[in-house]
Amino acid sequence: MFSAARTLRSLANLRFRILNLATIQDVPAETFGPLFEQLVSSGWQVRSKYAGFDAGIDYDCVLLRKGFGTLRCEWDNWSEWSIEGKRRLIEEIAERSKLPVTYAWRWADPLQRKPSASAELKH
């Protein structure tokens with residue numbers, strides 16, 4: 001049966017592949033805090049921060065910029081933090097932080113997520 005949500009997820013995942021993006025998903029707050037500080041101290045600048053009434057309660061988002069690179073850091077109280085950006089940048093961050101990379105949009109259907117080889121080896 002046709003589903004608008006499924007169609008939107010498919011289009012988002014297509015955009016993800018075309019733009020060569022990747023995500024580090026399900027990053028606990030206690031891991032994200034030091035990682036965020038490390039990114040800022042290495043030259044990443046906060047470009048924008050979500051300022052809605054529910055910021056830090058139900059949802060949060062911070063956009064970081066360094067040169068031509070952009071990282072989108074999103075949090076919700078269900079799946080914790082995620083970091084999305086160009087594949088090369090995300091893979092570098094993931095390698096330094098020992099976190100798995102997913103080559104799908106953070107809101108993609110969990111059954112369609114493709115974890116990195118290192119994440120598959122851990123299971």
Side-chain angles (χ1 to χ4, degrees):
M1 178 167 213
F2 175 76
S3 166
R6 184 174 295 153
T7 300
L8 290 174
R9 281 190 196 106
S10 296
L11 290 173
N13 284 327
L14 177 62
R15 173 189 165 272
F16 223 79
R17 285 192 301 275
I18 290 170
L19 295 178
N20 202 24
L21 300 174
T23 306
I24 301 170
Q25 296 182 337
D26 304 322
V27 180
E30 59 272 4
T31 302
F32 180 78
L35 176 57
F36 181 81
E37 292 302 321
Q38 182 183 38
L39 290 168
V40 170
S41 68
S42 69
W44 287 91
Q45 296 180 349
V46 175
R47 187 174 123 207
S48 67
K49 183 163 177 31
Y50 178 69
F53 71 93
D54 61 342
I57 299 169
D58 292 319
Y59 177 77
D60 213 343
C61 182
V62 179
L63 291 180
L64 297 174
R65 182 124 182 134
K66 183 177 180 182
F68 292 108
T70 300
L71 297 175
R72 178 183 198 87
C73 305
E74 282 187 278
W75 176 86
D76 66 64
N77 55 10
W78 184 69
S79 62
E80 298 282 342
W81 282 98
S82 69
I83 306 169
E84 174 187 305
K86 289 290 187 180
R87 181 177 285 207
R88 179 186 55 79
L89 293 171
I90 294 298
E91 288 174 343
E92 288 172 7
I93 294 166
E95 185 175 325
R96 282 194 314 266
S97 307
K98 307 290 188 254
L99 295 168
V101 176
T102 302
Y103 300 102
W105 182 47
R106 92 177 237 128
W107 302 106
D109 185 337
L111 298 175
Q112 294 181 6
R113 288 185 185 171
K114 294 179 180 133
S116 65
S118 63
E120 290 175 3
L121 293 175
K122 291 179 184 177
H123 293 1

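The model shown is predicted, which means the values in this text are computed figures rather than measured ones.
Counting only heavy atoms from C-beta outward, the side chains of Gln25 and Thr102 approach each other to under 4.5 Å. Looking at Ile24 and Phe32, their side chains never come closer than 4.5 Å, going by heavy atoms from C-beta outward. The side-chain heavy atoms of Leu35 and Ile83, taken from C-beta on, include a pair separated by under 4.5 Å. A heavy-atom distance below 4.5 Å is found between the side chains of Thr70 and Arg47.
The main-chain N or O of Ala94 is never found under 3.5 Å from a side-chain atom of Ser97 such that the two would form a donor-acceptor pair. At least one donor-acceptor pair closer than 3.5 Å links the side chain of Asp76 to the backbone N or O of Ser79.
Atom CD of Glu92 has more than 12 heavy atoms from other residues, nucleotides or ligands within 6.0 Å. For Glu30, the CD atom counts as densely surrounded, since its 6.0 Å shell holds more than 12 non-hydrogen atoms of other residues, nucleotides or ligands.
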Using ring pair (Phe, Tyr, Trp, His ring centres under 6.0 Å), reason through Phe16 and Tyr103 one step at a time and then give a plain yes or no. CA-CA 8 Å; Phe16 223 79; Tyr103 300 102; 8.9 Å; no

Would you check, one step at a time, whether the test side-chain contact (heavy atoms from CB on, under 4.5 Å) holds for Phe36 with Val46? CA-CA 10 Å; Phe36 181 81; Val46 175; 3.9 Å; yes

Report the C-alpha separation of Trp44 and Leu89 in whole Å, then their side-chain angles, then the decisive distance to 0.1 Å, and conclude whether the side-chain contact (heavy atoms from CB on, under 4.5 Å) test is met. CA-CA 12 Å; Trp44 287 91; Leu89 293 171; 3.9 Å; yes

Please walk me through it: do Ile93 and Leu71 pass side-chain contact (heavy atoms from CB on, under 4.5 Å)? CA-CA 11 Å; Ile93 294 166; Leu71 297 175; 3.6 Å; yes

Chi angles and distances behind the side chain to side chain donor-acceptor pair (under 3.5 Å) call for Glu74, Tyr59: CA-CA 7 Å; Glu74 282 187 278; Tyr59 177 77; 2.5 Å; yes

For side-chain contact (heavy atoms from CB on, under 4.5 Å), just list the numbers for Lys66 and Ser42, CA-CA rounded to whole Å, side-chain angles, deciding distance to a tenth of an Å, and then say yes or no. CA-CA 9 Å; Lys66 183 177 180 182; Ser42 69; 4.3 Å; yes

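Expressed to the nearest 0.5 Å, how far SG of Cys73 lies from CG of Leu63 amounts to 8.0 Å. Note that NZ of Lys49 and CG of Leu64 are 10.5 Å apart. Values are rounded to the nearest 0.5 Å. Taking CG from Asp26 and CG from Leu99, the interatomic distance works out to 10.5 Å, rounded to the nearest 0.5 Å.
Closest of all the heavy-atom pairs between Glu84 and Ile90 is C-CD1, 3.8 Å. Across every non-hydrogen atom of Pro28 and Glu80, the tightest pair is CA-OE1, 3.7 Å. A pairwise comparison of heavy atoms in Val101 and Glu91 identifies CG2-CA, 4.3 Å as the closest pair.
Judged purely by distance below 3.5 Å, without hydrogens or angles, the side chains of Asn13 and Ser10 never pair a donor atom with an acceptor atom.
The aromatic rings of Trp81 and Trp75 lie tilted to each other, with the angle between the two planes from 30° to 60°.
The side-chain hydrogen bond (donor to acceptor under 3.5 Å, both in side chains) search around Asp58 returns Asn77, not counting sequence neighbours.
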